[in-house]
Amino acid sequence: MNLVGKILTVLIFVMSLIFMSFAVAVYATHVNWKKVVDNADPLPGENKGLNQRLQDEKARYQELKDKFDRLQADYAAEKDAQVQVRGKLEAENETLKHDMRLLEEEQAKQQEAVREATAAMNAALDTAAKLREETIRRRDEIREAEHQRDAHFDNVQKLTDELHAAVNKRESLKRISDQLAADLAKAKRVLRHHDLTVETNIASTPPQIDGLVTAVQSGGLVEISLGSDDGLMEGHDLNMIRPTPSGSTYVGKIRVIRTAADKSVCKVIPEFLKTQPQRGDRVTTKL
């Protein structure tokens, strides 16, 4: 073998080593994209596939939606029950008022009867003083008049007790009605305070809150200082604003994708992004 053959042999050997290194490097950086997308049974240290994670998120969304529907149905049922109770109490109140008027009329009649009986008794006493010879005959009439008077007094006392009982019951019902009205007014004030109505979809409407961007992550994700304790839910949209010496600059819009008690992870919505978010940017519900 001449010198040229030896040189070619060495070159072939060196190029073989180089291509072998390239092959090892390519194999080391190879990613199994099928496993990334579909991995139903991940091994320790691996994540579930994107399809499985998507199905989990869909199931969680459906569970939250069903829970919200149940809560909304319970609220409507409770509201109808309160309206029915209030109507029933108002009807009972009107009945009690009518009964009280009847009792007052009956009491007036009984008082008139008592006055008439007293007048008859006085007349009988005057007549007995003047006509002593008629004392024995009039005594029975006087006793009968006294008996009627006592019966009238007993009846009046009974009606008075019944009237007091009716008044007490009416006051108790009035207190219950006032409490129900106060609870209803309080619930309406809470809804107005949060800019909500009975028909508002709570799952898509975030509360009026303000916070800060605490971290900026890769993949268009940001972490904020607001969480589920502040009323945030997955799917809520928030605005990012950056304070400047001359005012403020609109950064963009983000959507909540995961919440904890005191923080949340949000994804930047590309079509609303004006500039890259930074730590310290303000996060608010409405501009």
Side-chain angles (χ1 to χ4, degrees), residues 67-202 205 207-208 231:
K67 184 177 180 181
F68 171 74
D69 293 339
R70 289 196 300 272
L71 290 174
Q72 196 171 33
D74 293 342
Y75 171 77
E78 183 66 20
K79 182 179 178 182
D80 293 339
Q82 293 294 336
V83 171
Q84 293 177 2
V85 169
R86 183 174 181 179
K88 183 178 179 182
L89 291 175
E90 290 177 351
E92 292 180 356
N93 188 26
E94 291 298 326
T95 302
L96 290 174
K97 287 181 180 179
H98 177 70
D99 294 342
M100 185 177 69
R101 287 194 295 269
L102 294 178
L103 290 174
E104 289 175 349
E105 294 174 358
E106 183 66 22
Q107 184 183 17
K109 292 179 180 179
Q110 294 297 331
Q111 289 176 349
E112 183 64 25
V114 169
R115 286 193 293 269
E116 292 176 356
T118 303
M121 181 187 66
N122 292 333
L125 290 174
D126 293 339
T127 303
K130 296 177 180 180
L131 303 173
R132 186 173 297 276
E133 64 275 10
E134 296 180 2
T135 301
I136 297 175
R137 182 172 60 86
R138 296 294 183 182
R139 185 179 298 167
D140 293 338
E141 294 179 358
I142 293 171
R143 288 178 178 175
E144 181 64 22
E146 290 177 346
H147 178 72
Q148 291 178 1
R149 183 193 63 184
D150 293 338
H152 286 311
F153 279 139
D154 292 338
N155 193 18
V156 169
Q157 184 64 38
K158 180 180 178 182
L159 291 176
T160 302
D161 293 339
E162 292 177 354
L163 176 61
H164 290 163
V167 170
N168 292 334
K169 186 174 181 180
R170 184 188 67 177
E171 292 298 328
S172 176
L173 293 175
K174 185 176 182 302
R175 287 193 297 270
I176 294 174
S177 178
D178 292 342
Q179 183 62 39
L180 290 174
D183 292 343
L184 180 59
K186 183 178 180 181
K188 289 181 178 179
R189 287 196 301 271
V190 171
L191 289 174
R192 286 196 298 269
H193 177 73
H194 292 284
D195 196 18
L196 299 174
T197 63
V198 177
E199 291 79 15
T200 300
N201 187 355
I202 299 176
T205 304
Q208 296 184 3

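No hydrogens, no waters, no symmetry mates; every other heavy atom, side chains included, goes into these values.
Annotation for L102: atom CG counts as buried by contact number, over 12 foreign heavy atoms lying within 6.0 Å. Around the CZ atom of R149, the shell of radius 6.0 Å holds more than 12 heavy atoms that belong to other residues, nucleotides or ligands.
Here the CD-CG distance, from E171 to N168, works out to 7.5 Å after rounding to the nearest 0.5 Å. Going from atom NZ of K169 over to atom CE of M100 covers 14.0 Å, rounded to the nearest 0.5 Å. Atom CG of residue D126 and atom CE of residue M121 lie 10.0 Å apart, to the nearest 0.5 angstrom. Rounding to the nearest 0.5 angstrom, the gap separating the NE2 atom in H152 from the CD atom in Q111 is 12.5 Å. Rounding to the nearest 0.5 Å places CD of E116 at 11.0 Å from CD of Q148. Distance check, rounded to the nearest 0.5 Å: NZ of K158 to OG1 of T160 gives 12.0 Å.
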Item to check | Steps toward side chain to side chain contact (heavy atoms under 4.5 Å, CB included) verdict (E162, L159) | outcome: CA-CA 5 Å; E162 292 177 354; L159 291 176; 3.8 Å; yes
Next on the checklist: Could you go through E112 and K109, starting from their C-alpha distance and side-chain angles, then the distance that decides it, and tell me whether this counts as salt bridge (charged side-chain N to carboxylate O under 4.0 Å, His left out)?
Outcome noted: CA-CA 5 Å; E112 183 64 25; K109 292 179 180 179; over 6 Å; no
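For the pair H147 and R143, the minimum side-chain heavy-atom distance is 4.5 Å or more. A heavy-atom distance below 4.5 Å is found between the side chains of D99 and T95. The closest side-chain heavy-atom distance from L89 to N93 is not below 4.5 Å.
A donor-acceptor contact shorter than 3.5 Å is absent between the side chain of S177 and the backbone of L173. Remark: the backbone N or O of A151 is not paired with any side-chain donor or acceptor of N155 at under 3.5 angstrom.
Between the side chains of D161 and Q157, at least one donor-acceptor pair of N or O atoms lies under 3.5 Å.
Under the side chain to side chain donor-acceptor pair (under 3.5 Å) rule, Q82 has a single partner from E78, K79, R86, which is E78.
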